[in-house]
Structure formats: C-alpha cells, structure tokens
Amino acid sequence: MKKIEAIIKPFKLDEVKDALHEVGLQGITVTEAKGFGRQKGHTELYRGAEYVVDFLPKVKIELVLDDGLVERAIEAIMQAARTGRIGDGKIFVTEVEEAIRIRTGERGTDAV
C-alpha cells in the first residue's frame, strides 16, 4: 500500500476529487493548509498599507491505496490540479506498512 499526499490550490479541489472518483478511489482526507514554495508568497495592499503574505492558502489531500492504483491516481491528480502556473503544488508518495479499520478490525487493503 502507498499513501499519496498532494498539496494543491484550493479552487482545484473539486476537479481533483472528481478525477480520483473516476479512477475508482472511494475515500480521501482533505485538510486546509497554508504554505509556500518557490513563489515565496506575495505582497498585498490593505487600506493603503503594503504587507507581505508569506503563507498562501493550499489544500492537502491524503489517500491510502493499493499499489496497483498509485500511477493512475497520480496521473489523475496531476491532470486535474495543473494550471500551468507557479504554485500548482506537489505530490508525495510514501510506503504504508499497515492499515487497520477500527470498527471491524480489518487489516491491509481490506481496511482501506
């Protein structure tokens, strides 16, 4: 099993969710996040005063899935989240040793 964490622009969430659903993935976890990468934030003007916004709003999507679906899920996220502009996000893939469903005690891919 693998865990995919994707950091994307908030307005792309619905498109990414729909793309993952088409791949056949049932569950995802979404967290609101703030951060910056190469874009290093930006400056804004508020009531005549200029200030720096270091942390930009992002959305973090997490999903655990069977190894056979990983490449399709990555491709779906990339296609749906891409705008072609800086700040589109990142995808991280890590190994998951075990997954356990609390309610039933199921383990491994059955728990996912």
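Sequence positions, counted from 1, serve as the residue numbers for this chain. Quantities reported herein were computed from a predicted structural model and do not represent experimental measurements.
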Where is the tightest heavy-atom contact between [X] and [Y], given as atom of each residue plus distance?
X    : Y    : result
K9   : I86  : NZ-O, 3.5 Å
M1   : E95  : O-OE2, 3.3 Å
A99  : A111 : O-CB, 3.5 Å
I91  : I74  : CD1-O, 4.1 Å
V23  : A73  : CG1-N, 4.3 Å
V112 : V64  : CG1-O, 2.9 Å

With heavy-atom distances below 4.5 Å as the criterion, would you say the side chains of [X] and [Y] are in contact?
X   : Y   : answer
F11 : V59 : no
I61 : T31 : no
L56 : K34 : no

Starting from [Y], can I reach [X] by hopping between I/L/V/M/F/W/Y residues whose side chains sit under 4.5 Å apart?
X    : Y   : answer
M78  : I7  : no
F92  : L65 : no
I100 : V96 : no

Is the count of non-hydrogen atoms from other residues, nucleotides or ligands lying under 6.0 Å from E98 atom CD greater than 12?
yes

Nearest 0.5 Å, please: how far is [atom2] in [Y] from [atom1] in [X]?
X    : Y    : atom1 : atom2 : value
I8   : K58  : CD1   : NZ    : 9.5 Å
T109 : D67  : OG1   : CG    : 9.5 Å
I77  : E5   : CD1   : CD    : 11.0 Å
L63  : K3   : CG    : NZ    : 9.5 Å
D66  : D110 : CG    : CG    : 10.0 Å
T94  : E62  : OG1   : CD    : 9.0 Å

Does R72 come within less than 4.0 Å of E75, counting only side-chain N to carboxylate O?
no

